[in-house]
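The analysis underlying the following values was restricted to heavy atoms, covering all of them including side chains, and did not include hydrogens, waters or symmetry mates.
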Amino acid sequence: MSLLSKLRDVLIAGAILSIAVTVSNAAPSDDSGVTVYSDICYHAEAGDLLGTRVVLLRLKGGDYVVYQIAERAC
């Protein structure tokens, strides 16, 4: 794993933590919801998926974050 890749992961983890703190301080809501942040795209020449996806789930049982990295060949 390269230094740039590690730095990107640290920055994304910090962003997720910031979102989690903001959401946890917000007033509780009965509404469920899903928010997706994604820059994953398919590169036809290489046949690879590349990018990052963060999914924020607000459910009755609690809030969840799903973090996905696409860096390998399909």
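Residues D63 and L59 come closest through the heavy atom pair OD1-N, 4.3 Å. Of all the heavy atoms in G51 and I40, the pair that sits closest is C-CG1, 3.6 Å.
With sequence neighbours left out, the side chain to side chain contact (heavy atoms under 4.5 Å, CB included) criterion links T35 to Y37, L56.
Residues T52 and Y67 form a side-chain contact, since some pair of their non-hydrogen atoms from C-beta on lies under 4.5 Å apart.
Atoms CZ and CD1, on R53 and I69 in that order, are 12.5 Å from each other to the nearest 0.5 Å.
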